[in-house]
Asker: 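Take a look at this one; I'll ask things after.
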There are 2 protein chains.
Amino acid sequence: MADPLRQPPGDKLAPKAVIGRVSLYLRQLEASQRQGQPTISSSQLGAALGIGDAQVRKDLAFFGQFGYPGIGYRIEELIAALRRILGIDRIWPTAMIGLGNLGRALIKYRGFRSRGFHIVALFDNDPKKMGQTHSGLTVRPLEDLARTTSELGIELAILSVPAEAAQRVADQIVACGILGILNFAPVPLNVPPTVGVMAVDLSVQLEHLAYKVLNGQGGISHAG
Amino acid sequence: MADPLRQPPGDKLAPKAVIGRVSLYLRQLEASQRQGQPTISSSQLGAALGIGDAQVRKDLAFFGQFGYPGIGYRIEELIAALRRILGIDRIWPTAMIGLGNLGRALIKYRGFRSRGFHIVALFDNDPKKMGQTHSGLTVRPLEDLARTTSELGIELAILSVPAEAAQRVADQIVACGILGILNFAPVPLNVPPTVGVMAVDLSVQLEHLAYKVLNGQGGISHAG
DNA sequence: TAGATTGTTAATCGATTAACAATC
DNA sequence: TAGATTGTTAATCGATTAACAATC
């Protein structure tokens, strides 16, 4: 799993904020590429995202030397490098756990699949949902999680169960050897340090928006 | 709209990170209250969320003095104060714009309504969707946005249209006088500084998760 | 009172921005 | 060469943590 090219010699872990911006850079680069642009400067790349040129260069420099002084960055080359750094130069077999309204919608959401996150199995504990089919996949009981995980090589889980069930299900997920959880349940999850968790909390986002509106603070906040 | 109690004398705007944590505090306080707890200390409050006691006190102190030395915080009182600070002590009439898979799911998502964000109108430009009903609301054409906004007093918009349409629709939203946008489209929006935007970018979150898994960085990242 | 816990100040840490020599 | 732009160092800024007098 270790990869000498993914991290600079110092081997320091990239700050959280850097990774978020790298995702944005990648998407902007893909847009510029679609328009036939061969190279891009740090100031061009940042301008579209409201990020300064020094910040762009510093972020990219964290992972290696990708630029050409006087020229900028070759878009195709940088896209390949960033996809590799972010780990989306591969397929991630992913389980969707919890098939309420949000879970069912997320199954159909195209943005995941186009980035390599393939939902390969659905889980829920509601007997009424068992055997239902969504997007060609059959809903399985949670007790099948361990077996299905090894059968299908599942590596990530998207968790959209009710808050009360979240920790219990997270424990099951961890026990199966799944290494990452995208958590939509509005509770912090307790997992071993070897397991990655990213929390997406829609109410928190909307509350932040309400605060900004009330306090007349405009502008763009990128929450990921 | 200005409210002398919402901000401390200095009138400084709360840092982004503080607001995010305040949302988490509020939810934790509500959980503690359901268990009948009357007061809570900063270390208790932080412990459940993985946040240090000094950080909790500093965050809360930003908005005023809520604690009692030797005792902690009175939960009921602090909940009321935080709801007020976040602006969720009221109803926010909200428009859902874009009724793809994600938009339709978000209509049904309970987490919004329970926080005071009431979806009162649906908009889409697809003629096939016009007149459809979801959760008791009829889909309207976007050209009705301005009229409906003033009729229903709409204040916020949840934007879940395709990336290509996002900026154009955002311009329409702004023109109607709506003051906040929760943006699910994977593009940065350009709006006047008087309009608040919070971006929710699911692919960015998942990419971050992939990075963490590949680089063996575990733990919990709260993205809001 | 003694024990607990706050609000706040000072110290530390990390992240962003500015500046510029090196490079194409 | 002259102009453009990088990668990196130093300076600035902001956020977190630690410590503690004040308070109940």
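Protein chains get the first letters and strands the later ones, always in sequence-line order, with residue 1 at the start of each. Bear in mind that the values here come from a model prediction, so they are computed numbers and not experimental data. Heavy-atom basis, side chains included; hydrogens, waters and symmetry copies ignored.
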Asker: Considering just the side-chain nitrogens and oxygens of B:Gln65, establish if one lies under 4.0 Å of OP1 or OP2 belonging to C:dT8.
Answerer: yes
Asker: Quickly work out the A:Leu45 CG to D:dA4 C1' distance and round it to whole Å.
Answerer: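 Rounded to the whole Å, the gap is 17 Å.
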Asker: Quick one: is C:dT17 close enough that its OP1 or OP2 comes under 4.0 Å of any side-chain N or O from A:Arg57?
Answerer: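 False: A:Arg57 side-chain N/O out of range (4.0 Å or more) of C:dT17 OP1/OP2.
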Asker: Measure the CG-OG distance between A:Leu45 and A:Ser32 for me, rounded to the nearest 0.5 Å.
Answerer: 7.0 Å
Asker: Expressed in angstrom and rounded to an integer, what is the separation of A:Leu60 atom CG from D:dT8 atom P?
Answerer: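 Distance check: A:Leu60 CG to D:dT8 P gives 12 Å.
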Asker: Both A:Gly70 and A:Asp59 contact DNA chain C. Taking the nearest nucleotide for each, which residue is further toward the 5' end?
Answerer: A:Asp59
Asker: What integer distance in Å separates B:Ile51:CD1 from D:dA15:P?
Answerer: 15 Å
Asker: Phosphate oxygens OP1/OP2 of D:dA4: is one of them under 4.0 Å from a side-chain N or O of A:Tyr73?
Answerer: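 So the side-chain polar atoms of A:Tyr73 never come under 4.0 Å of the phosphate oxygens OP1 or OP2 of D:dA4.
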Asker: Atom NZ of A:Lys16 and atom C1' of C:dT16: how far apart are they, to the nearest Å?
Answerer: 17 Å
Asker: What I want to find out is whether B:Glu207 reaches B:Lys212 closely enough, with some N-O distance under 4.0 Å, to be called a salt bridge.
Answerer: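 The answer is no: the pair does not qualify as a salt bridge.
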Asker: For B:Ser42, answer base if it contacts any base atom (sugar-phosphate contacts may also be present), sugar-phosphate if it contacts only those atoms, and nothing otherwise; contact means non-hydrogen atoms under 4.0 Å.
Answerer: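 Contact class for B:Ser42: sugar-phosphate only.
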Asker: Would you say that A:Glu155 contacts A:Arg90 through its side chain, given a criterion of any heavy-atom pair below 4.5 Å between the two side chains?
Answerer: yes
Asker: To the nearest angstrom, how far is A:Phe66 atom CZ from C:dC24 atom C1'?
Answerer: 19 Å
Asker: Check the pair B:Tyr68, B:Arg74 against side-chain contact (heavy atoms from CB on, under 4.5 Å), reporting the backbone distance first and the verdict last.
Answerer: CA-CA 8 Å; B:Tyr68 301 88; B:Arg74 300 201 208 286; 3.5 Å; yes
Asker: Quick one: CZ on A:Phe117 to CG on B:Leu209, what's the gap to the nearest 0.5 Å?
Answerer: 7.0 Å
Asker: Applying a 3.5 Å limit to both distances, which nucleotide forms a Watson-Crick or G-U wobble pair with D:dT17?
Answerer: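 Paired with C:dA10.
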Asker: Which nucleotide, if any, forms a Watson-Crick or G-U wobble pair with C:dA22, using both distances under 3.5 Å?
Answerer: D:dT5
Asker: Figure out the NZ/P separation between A:Lys58 and D:dG7, and round it to whole Å.
Answerer: 12 Å
Asker: So what does B:Gly52 touch, heavy atoms closer than 4.0 Å: a base, only the sugar-phosphate, or nothing?
Answerer: nothing
Asker: When the distance from CD of B:Gln55 to C1' of D:dA15 is rounded to whole Å, what number comes out?
Answerer: 8 Å
Asker: Taking the side chain of A:Ala61 as heavy atoms from C-beta outward, which of D:dG7, D:dT16, D:dT5 is closest to it?
Answerer: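 My answer, after comparing the listed nucleotides, is D:dG7.
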Asker: In whole Å, what is the span from the OH atom of A:Tyr68 to the C1' atom of C:dT23?
Answerer: 13 Å
Asker: Out of D:dT5, C:dT16, C:dT5, which nucleotide sits closest to the side chain of B:Pro69?
Answerer: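 Among the listed nucleotides, the one closest to the side chain of B:Pro69 is C:dT5.
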